[in-house]
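Only one structure is covered here, and it is reproduced in the block below.
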Number of protein chains: 2
Amino acid sequence: MSIDAPARRYAKGEAKRRAILDAALAVVAKHGYRNSSLQEIADAVGLTKAGVLHYFDSREELMAEVVSERDAHDRARVDGLEPDQLGTLSRIIEHNGTVPGLVQLYSRLVVEAEAPEHPAHGYVRERYALIVETLADSVRARQREGSVRADIDPMVVARAATALSDGLQLQWLHDQTLDMSGVFDAALELMLGAAPRTES
Amino acid sequence: MSIDAPARRYAKGEAKRRAILDAALAVVAKHGYRNSSLQEIADAVGLTKAGVLHYFDSREELMAEVVSERDAHDRARVDGLEPDQLGTLSRIIEHNGTVPGLVQLYSRLVVEAEAPEHPAHGYVRERYALIVETLADSVRARQREGSVRADIDPMVVARAATALSDGLQLQWLHDQTLDMSGVFDAALELMLGAAPRTES
DNA sequence: CGAGAAAACCTACCATGGGTAGGTTTCGCT
DNA sequence: AGCGAAACCTACCCATGGTAGGTTTTCTCG
């Protein structure tokens with residue numbers, strides 16, 4: 001999560017920690033999740049395994065933090081103050097079509113964090129809850145302004161949009177020619193009753 | 001896949017092989033994917049690791065075969081001759097809400113098989129292609145019979161339905177109270193222009 | 001029915017992985 | 001200056017997937 005204690009560190013440590021995060025991201029993005037060991041990350045940043053483990057309790061925790069960091073980064077990049085979260089999600093999906101390594105990492109984490117003991121379990125859970133709630137609000141806003149029929153259940157759309165996003169990324173991992181945001185937008189338009197579209 | 005050579009074996013071996021598959025499924029369903037080692041499976045079936053590896057080249061291949069077997073089983077159970085594949089998918093999803101272990105296994109496999117070297121890579125890829133094509137046909141059939149608007153792109157719906165299915169299972173793994181088939185049906189109805197519904 | 005080939009195993013071993021224990025060096029504040 | 005904590009390292013441990021090479025079982029066929 002983000003409520004972790006300040007964890008007082010020296011300046012050097014702070015920098016190193018960031019370096020590890022970056023290195024981990026790079027390594028994972030290049031060699032994939034499963035093929036990136038602590039050893040490799042440690043080498044990339046000039047430490048030993050134990051050195052890395054000094055900053056992160058476990059490999060899983062490291063990975064979780066990489067994702068949550070990137071998550072926050074992405075969100076901030078695109079979020080702004082826009083109320084149209086559905087559009088924002090679409091753009092995030094579009095952007096994800098650029099970074100296979102990250103999509104892979106994210107997918108892995110979501111699947112693995114299913115176990116309650118997993119360090120990222122709570123994070124993923126809350127993330128889902130937040131996203132769904134936000135999207136539902138977005139639908140409600142559109143309903144209020146009249147651009148979406150009032151008899152549509154916002155929760156259904158919110159859950160569906162979230163599932164769509166995740167599911168499309170899974171498919172995309174196996175076939176990078178898939179136009180994720182294209183399908184997403186089209187499907188959403190169908191659900192919200194806008195004019196239909198076509199896809200290749 | 002399914003084009004594997006006959007691989008002549010003794011009767012005993014044939015039986016053992018099946019036993020391994022069953023044991024693996026059971027172990028995975030109980031302890032989860034990550035916590036089920038070759039050792040454990042071997043113990044469950046009265047062999048050593050090497051004994052198991054005699055039948056399957058690797059742990060990954062074993063897992064892949066477990067999934068593909070279960071896949072075939074599920075499909076046969078529900079498939080029949082029904083042309084309404086969308087409905088079939090809905091029922092499969094509903095049934096999946098019963099077996100968390102399998103959903104977990106399936107999700108893991110899909111994510112891991114992303115790497116082209118993975119033994120199940122081809123399988124998953126073809127599986128996706130088959131499902132999407134089948135669902136698209138299903139949509140086209142409905143369009144022909146007039147129950148679905150003709151200006152809807154069948155491929156969009158097919159891809160979206162597939163993604164929805166996968167994505168909902170991911171969410172469900174983190175929150176078993178989620179009504180997968182409920183959301184799925186509702187979302188599909190929205191897309192295909194039927195009467196709207198509500199969800200809890 | 002009795003070779004003999006192949007299948008069905010096993011024991012022993014290896015490398016890699018995550019992770020721990022406990023020490024030594026470096027840092028920075030009083 | 002000195003002291004406590006952070007920033008590391010070395011040396012382990014153990015489980016894991018996987019391999020090498022042998023031994024026993026099973027079947028087939030003359």
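Each chain gets a letter, A, B and so on, in the order its sequence line appears, and its residues count up from 1. All values below come from the heavy atoms of this structure, side chains included, with hydrogens, waters and symmetry mates left out.
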> Where each residue is assigned the nucleotide of DNA chain D containing its nearest heavy atom, which of Tyr10(B) and Gly46(A) is assigned the position nearer the 5′ end?
Replying inline: Gly46(A)
> Arg159(A) and Gln171(B): side-chain donor and acceptor closer than 3.5 Å?
Replying inline: yes
>> Side chain of Arg9(B) only, heavy atoms from C-beta on: which candidate in dA8(C), dC9(D), dC8(D) is closest?
In response: dA8(C)
> Between dC14(D) atom P and Leu38(B) atom CG, what is the distance in whole Å?
Replying inline: 21 Å
> Will you find, in the side chains of Asp71(A) and Tyr106(A), an N or O donor that is under 3.5 Å from an N or O acceptor?
Replying inline: no
> Which nucleotide, dG18(D), dG19(C), dA20(D), lies nearest any side-chain atom of Ala50(B)?
Replying inline: dA20(D)
>> If you assign each of Ala11(A) and Asn35(A) to its closest nucleotide in DNA chain C, which residue comes earlier from the 5' end?
In response: Asn35(A)
> Which comes earlier along DNA chain D counting from the 5' end, the contact point of Gly13(A) or that of Glu60(B), where each point is its nearest nucleotide?
Replying inline: Gly13(A)
> Starting at CD of Glu61(A) and ending at P of dG19(C), how long is that distance when rounded to a whole Å?
Replying inline: 10 Å
> Any side-chain N or O of His54(B) under 4.0 Å from OP1/OP2 of dA8(C)?
Replying inline: yes
>> Distance check needed: dG19(C) P versus Asp57(A) CG, whole Å only.
In response: 9 Å
> Between dG18(C), dA5(D), dG18(D), which nucleotide has the shortest distance from any of its atoms to the side chain of Arg59(B)?
Replying inline: dG18(D)
>> Measure NZ/Lys49(B) against C1'/dA15(D) and give the value in whole Å, please.
In response: 8 Å
> Hey, is the side chain of Lys12(A) poking within less than 4.0 Å of OP1 or OP2 on dC8(D), counting only N and O atoms?
Replying inline: yes
> Going by atom types alone, do His31(B) and Glu40(B) pair a side-chain donor with an acceptor below 3.5 Å?
Replying inline: yes
> NZ of Lys16(A) versus C1' of dC27(C): gap in Å, rounded?
Replying inline: 15 Å
> If you check the Ser37(B) side chain, which of dG17(D), dG18(C), dC9(C) turns out closest?
Replying inline: dG17(D)
> Which nucleotide in the list dT25(D), dG18(C), dC9(C) gets nearest to the side chain of Leu47(B)?
Replying inline: dC9(C)
>> Side-chain N or O of Thr48(A) versus OP1/OP2 of dC9(D): is the shortest distance under 4.0 Å?
In response: yes
> So, is Tyr55(A) close to the dC8(D) phosphate, meaning a side-chain N or O under 4.0 Å from OP1 or OP2?
Replying inline: yes
>> I need the CZ-P distance between Phe56(A) and dG18(C), as an integer number of Å.
In response: 15 Å
>> One thing to verify: whether Glu133(B) and Arg140(B) come together as a salt bridge, which I'm taking to mean a side-chain N less than 4.0 angstrom from a carboxylate O.
In response: yes
> Could you give the CG-to-P distance, from Leu53(B) to dC13(C), as a whole number of Å?
Replying inline: 19 Å
> Within this structure, what is the CD-to-P distance between Gln39(B) and dC13(C), rounded to whole angstrom?
Replying inline: 17 Å
> Do Arg17(A) and Glu65(A) sit within salt-bridge range, that is, some charged N less than 4.0 Å from a carboxylate O?
Replying inline: yes
